[in-house]
Amino acid sequence: MIKPFIAPWGSAVLTFENLDSTNRYLWQQALEGAPHGTVVVADHQSSGRGRRGRQWHSPPGLNLYFSVLLRPHLRFEQVPQLSLVAAAALWKILAGECSGLQIKWPNDLLCNSRKLAGILSEMKPGAETPEFVIVGVGLNVNAQVSDFPTELQGLVTSLSCECGRNFDLSELLDRILREFAFFEERFYQEGLKGSIRDLINRNFFLAEKDIVIHSEDHKIACRAHAIDDTGRLLATTNDGQKMAFSAGEAWLDKRI
Ligand code: BTN
């Protein structure tokens, strides 16, 4: 069980043995008025949510599953950038532990091309600005590949698999949250431009790779380059058109 401690935003981290989903639970708390910086973590999630309606596999007691409630003063279109801010903070902490760590737009951390962490940000719109945003992180820490369903085993990794040792989950969460709070503050002051964007582009999994972007109901084959100051993925289509994607999902183009 994660040991309770004070989150960097000032309130105690809410720890649970079991929740259906830390994002769903925290959403409910946010509706009831929980403050900016409330953090929820669970040892196990029975219905962990991934992006695009997928399930986040959450074996008990092995990994980190947590969500942070933010009530940021941002425009709607800036909200997806918070996932990149979280990815940059995770990279900063975890790169000290294992090599081969890269960020995959819009919100994955890969280690040696296998998925180490995923981020799911969910927003409740207010009248003119977001009312709140829940940033949910699933990080594979002490799980072994055999703890995942067979169909995921070739795609996932964990810190333990990469580093050959186990990690104290409470201590790791504390470090990640402090880094996230630091990056969040920097983001409010200067946006992505500068150090956050540069960190991501220096460690960008998609850089100069041929990919297919799934955006709304389109699939577009292109060459990925980098992210810009607003978190858009810059790419060139196969017929030479320059594009900037603000949302979507990127897959390596295996035909090439
Ligand atoms: C992805 O699809 O890559 C995003 C996965 C996000 C999973 C985390 S685990 C903690 C939080 N609670 C959830 O239900 N989902 C996020």
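Each ligand, and each atom within it, is numbered from 1 in the order the structure gives. Every value quoted in this text rests on a predicted model; they were computed, and no experiment measured them.
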Donor-acceptor under 3.5 Å (Asn203 side chain, Ile200 main chain):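 Between the backbone of Ile200 and the side chain of Asn203 there is no qualifying donor-acceptor contact (under 3.5 Å).
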Within the 4.0 Å heavy-atom shell around [X], which atoms of ligand 1 are there?
X: Ser21; value: 12 (N), 13 (C), 14 (O)
X: Gly48; value: 14 (O)
X: Asp108; value: 3 (O)
X: Ile119; value: 4 (C)
X: Thr22; value: 10 (C), 11 (C), 12 (N)

Examine the proximity of ligand 1 to Arg24 and report which part, side chain or backbone, both or neither, has a heavy atom under 4.0 Å away.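 It is neither; nothing of Arg24 touches ligand 1.
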Taking heavy atoms and a distance under 4.0 Å, where does Ser67 meet ligand 1: side chain, backbone, both or neither?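 Under 4.0 Å from ligand 1, Ser67 contributes side-chain atoms alone.
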Starting from the C-alpha separation in whole Å, work towards a yes-or-no answer on side chain to side chain contact (heavy atoms under 4.5 Å, CB included) for Phe180 and Trp9. CA-CA 10 Å; Phe180 182 40; Trp9 297 272; 3.8 Å; yes
Heavy atom of Lys115, distance to ligand 1 below 4.0 Å: yes
Closest to atom 15 (N) of ligand 1 (judged by heavy-atom distance), picking from Arg49, Gln55, Gln45: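 Ranked by closest heavy atom to atom 15 (N) of ligand 1, first place is Arg49.
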Considering non-hydrogen atoms of the protein only, which is the closest contact for atom 2 (O) of ligand 1, and what is the distance? Arg51 N, 2.7 Å
For atom 5 (C) of ligand 1, what is the nearest protein heavy atom, given as residue, atom name and distance?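 Here the closest protein heavy atom is Trp56 CE3, 3.3 Å.
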I'd like to check Asn112 versus Thr157 (side-chain heavy atoms, cut-off strictly below 4.5 Å). Are they in contact? no
Axial cation check for Phe167 ring with Arg165, 6.0 Å and 45° limits: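 Verdict for Phe167: a cation-pi partner in Arg165.
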Ring centers of Trp105, Phe205 separated by less than 6.0 Å: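 Distance test on ring centres: not under 6.0 Å, no.
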Looking at Asp174 and Arg178, is any side-chain nitrogen of the basic one under 4.0 Å from a carboxylate oxygen of the acidic one? yes
